[in-house]
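Below: one structure, written as C-alpha cells.
Atoms considered below: every heavy atom in the structure, side chains included; atoms not considered: hydrogens, waters and symmetry mates. Indexing begins at 1, ligand by ligand and atom by atom, following the structure's order.
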Amino acid sequence: MITYKNIMENMVEEMYEKMKDSLGCCQCERCHNDIVAYALNRLPPHYVVSRSGALYAKTFTMEKQHEMDIATEIAKGAMLVRSNPRHDEERSCPA
Ligand SMILES: [Zn+2]
C-alpha cells in the first residue's frame with residue numbers, strides 16, 4: 001500500500017528521545033505526548049509519499065536548521081508541560 005506520512009512526527013519523536021533526560025520534565029506517557037504535540041503544532045509538516053512500512057529516514061536528510069527548530073520547540077513544550085502538567089487525570093504518573 002502506498003500512503004502518505006508526515007515524517008516531522010518521526011523527527012520530533014526521535015529528537016524527544018535524545019533530549020528527554022536533559023529536559024527536566026516528567027516523562028510519563030501523557031507528558032511525552034503533550035510535548036510532542038506542542039512541537040508538532042508549531043513546526044511545518046513534512047509529508048512524503050511512500051510504501052507503508054518503508055523507512056522514511058532516507059527520503060529526508062535532516063538539516064541542522066530543522067534539528068535546531070525541532071529542539072527549540074520541544075524545549076518550549078517541555079517548559080510548558082513542566083509548569084502545567086496535565087497528567088493529573090492519569091494515575092500512571094506521580095510526578
Ligand atoms: Zn507526567
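His87 has its closest N, O or S atom to the Zn ion (ligand 1) at the position named ND1.
Between Cys28 atom SG and Cys26 atom SG, the angle centred on the Zn ion (ligand 1) amounts to 110° (nearest 10°).
Considering only residues two or more places apart in sequence or on other chains, Asp21 meets the side chain to side chain donor-acceptor pair (under 3.5 Å) condition with Gln27.
When side chains are defined from C-beta on, His87 does not count as touching Asp34, because their heavy atoms never get closer than 4.5 Å.
Within the 2.8 Å limit, Cys31 places at least one N, O or S atom next to the Zn ion (ligand 1).
Here CE of Met79 is found 12.5 Å from CD1 of Ile74. Values are rounded to the nearest 0.5 Å.
Within the structure, ring pair (Phe, Tyr, Trp, His ring centres under 6.0 Å) contacts touching residues 21-44 (residues at least two apart or in different chains) are Tyr16-His32.
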